[in-house]
Structures are given as C-alpha cells and as structure tokens.
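Lettering of chains follows the sequences in order, A, B, ..., and the numbering in each one begins at 1. Just so it is clear, the model here is predicted, and its values are computed rather than measured.
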Amino acid sequence: MPAGHTIRRIADRHTDLFEGQALRVSSPQGRFAAGASRLDGRVLQQVEARGKHLLYHFEGRRTLHVHLGLVGRFQTHRLPAPAPSPATRLVLRTDDAAAYLTGPMKCDLIDRTMVERIVGHLGPDPLKVSRRPKAFDDALAGDHRPIGTVLLDQGVVAGIGNVYRSEVLFLEGIDPHTPASDLTADQVSAIWSTAREELRRGVEDGAIITVGPREVGAATRRELPAELRRYAYKRSGMPCHRCHTQIRSTEMAGRQIWWCPECQS
DNA sequence: GGGTGATGCTGAG
DNA sequence: TCAGCCTCACCCC
C-alpha cells in the first residue's frame, strides 16, 4: 500500500473533508486513547504528506503523526459510515465524514521539536519539490552504495518504496547494482524526474502503473491487467516487456529487487 | 477456508 | 536481530 503516492492521496482526501473543522477524535482500540482525548474537539489546521509520513497539525501546536508501515490502512467514508471495527486505532469524525485508521506502525501525538526531527531525517520528496534539489545530487555523488539500496533510503529521497525503486531504475535503464556515486549527472537528473513523474501518476491513478499501455497493446493504463502494469517488480523469470529477456531478482537493502539484465546494463 | 508474504519501519532485547 | 503491527492479496487445498 503505502509509498508516497498513497500517502499524498490520503492527505488530499483528508484536507478536503477535515481541514478547518473541529474534529471528534477517538480510539476504539484504546491504544491511542490518551492522545485522542487531547485532540478531541480541536480544529485541524493542516494535513501534510511528507514522504511516507502523515502530519495532522491541530490548533494548540499539537500534531498527530501517522505512519502506516506495511499493514496500516486508512478508510475514509462520507456519513453514514459503517461502525469502526474494535481494532480501529484512530477515528477522525465530523458531521459529514469519518476516517478509520487500523494497523499503523505509528500513531502518536508529537510536539514541534519532534515534527522537526522527523522532517529533518527525510530527504527531499519528489511529490513536494518540483525542481531537483542540490541535496539529492550531493547525496548520490557521495554515496558508494548501490543505487538500488540508496533509493529506499528515506533520508536520501522520501516517498519511494520497493515498487518504485525497481520501476524507476528499469525506466532509466540503470542496473540497480551501480554505485550511486558512479552515476552520470544525466542519470541522476533522470532518476529524479522519472520518480517524480511516476509518483504523480500514482497519485492520479491510485495505483502504480508504470508500463506505457501502447507498448503492450492496450489503449489506456487503466485497461492493463495486473500482470502487465509493471516492467520489473515481482516479474522474476518472466519476459521483459521490451526485450523478452528474463527478469531477474536479488535481495538488496534487505528486500527483493527486480531488473532486466539486458535493458539495465 | 487456511497459510503466507508484503508498496515499512520501530523498538525491545 | 527480529517480533510487532493485525490487513490484504494471492496461492494451495
């Protein structure tokens, strides 16, 4: 679920439904009961997506920090909504809408210092910053780790997940084993702009569809069946959409990565 | 219907 | 280093 595009979609939806309103906040599960009672009745001033983090800034300098982790999920409903399950960590509610949060890795009330610490540990977010920051170029130039590892480091670039790292490197024809510091200026620039473009498209589609539809004989991205939506991710042993070489996979940064040894060499 | 791994990451040990 | 979050999609029976 949660690469940067998912987080941005949630932030946009919650901005529409909740921003500027006093919210009823509760925790049916109980694990966020103390935090919920401190937010209950306060006006939500701003919802912010930063990489894979959600920040809900309430009046009184109180911020709710949510990170979905692997299994976390936000369900948002116009009222009437079904009752939240007893496992629901957090409920945000107005007279018109409700959002239910289950299974998050993080759901905490934090202060300004903590907000700055979280944001300070994140690299630039391609969905937030249009021009490629110098910090990104510098980080890659000084990093000898494989680019496949570096792209998952949220301190280098925020919001890219395991699907996007495989797909962006495929689209740019870059072998994931290449040390980041060996990339040319053009390759660094292309990685940023492709990551930004694909993340933006992910926000639009609500799904990660990187394959150009005409390349595989479809008219629109939405028409593509699941197995044709990506070039490399989870396609181990299957033929590359472009050159028919078998897609390979290996572990990198503790997780599987997929690439085409012919197109990315 | 049951088992399992994953679009992540933290914090206990 | 690894359990944990406790959901969902996919596979196998």
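Listed nucleotides: C:dG4, B:dA6, C:dT7. Nearest to the side chain of A:Leu70: B:dA6. Nearest nucleotide to the side chain of A:Arg31, out of B:dC9, C:dC8, C:dC6: C:dC6. Nearest to the side-chain atoms of A:Met105 among the listed nucleotides B:dG8, C:dC6, C:dC8 stands B:dG8.
One interatomic measurement links the two molecules: NE2 of A:His53 to P of B:dT10, which rounds to 7 Å at whole-angstrom precision. Going from atom CZ of A:Arg229 over to atom C1' of C:dA9 covers 14 Å, rounded to whole Å. Following rounding to the nearest Å, A:Lys234 (NZ) and C:dA9 (P) show an atom-to-atom distance of 12 Å. B:dA6 atom P lies 14 Å from atom CZ of A:Arg230, rounded to whole Å. The distance from atom NE2 of A:His67 to atom C1' of C:dC5 is 12 Å, rounded to the nearest whole Å. Here C:dT7 presents its P atom at 9 Å from CZ of A:Arg73, a figure rounded to the nearest Å. Rounding to whole angstrom units, NZ of residue A:Lys52 and P of B:dA6 are separated by 15 Å. Counting to the nearest Å, the C1' atom of B:dT10 and the NE2 atom of A:His65 are 11 Å from each other.
When the P atom is used for both C:dC8 and B:dT10, the distance is 23 Å, rounded to whole Å. Rounded to the nearest Å, the gap between the P atom of C:dC13 and that of B:dG5 is 15 Å. When the P atom is used for both C:dC6 and B:dG1, the distance is 24 Å, rounded to whole Å.
The pairing partner recorded for C:dC11 is B:dG2, the criterion being a Watson-Crick or G-U wobble arrangement whose two distances lie under 3.5 angstrom. B:dG13 makes up no base pair with any nucleotide shown, lacking Watson-Crick or G-U wobble contacts both under 3.5 Å.
Side-chain rings of A:Phe170 and A:Trp259 stay apart, their centers remaining 6.0 Å or farther from each other. A ring-centre distance under 6.0 Å is found for A:His5 and A:Tyr164.
One finds no side-chain N or O of A:Lys106 lying less than 4.0 angstrom from the OP1 or OP2 phosphate oxygen of B:dC9. Distances shown here put a side-chain N or O of A:Gln29 below 4.0 Å from the OP1 or OP2 atom of C:dC6. Contact between the side-chain N/O atoms of A:Arg89 and the OP1/OP2 oxygens of C:dC6 is found at a separation under 4.0 Å. Between A:Arg255 and B:dG8 there is a side-chain N or O to OP1 or OP2 distance below 4.0 Å.
Between A:Arg8 and A:Asp125 there is no salt bridge, since no side-chain nitrogen of the basic residue lies less than 4.0 Å from a carboxylate oxygen of the acidic one.
Between the side chain of A:Arg62 and the backbone N or O of A:His57 there is no donor-acceptor pair closer than 3.5 Å.
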Legend entry - Intermediate values then yes/no, salt bridge (charged side-chain N to carboxylate O under 4.0 Å, His left out), A:Asp138 and A:Lys134: CA-CA 6 Å; A:Asp138 292 347; A:Lys134 186 169 178 300; 2.9 Å; yes
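For A:Gly69 and A:Asp108, each mapped to the nucleotide of DNA chain B holding its nearest heavy atom, the one lying further toward the 5' end belongs to A:Gly69.
Rounding to the nearest 0.5 angstrom, the gap separating the CD1 atom in A:Ile208 from the CD atom in A:Glu198 is 9.5 Å.
Contacts of A:Arg165 with the nucleic acid, taken as non-hydrogen atoms under 4.0 Å apart, are absent. At a threshold of 4.0 angstrom between heavy atoms, the contacts of A:Gln256 with the nucleic acid are absent.
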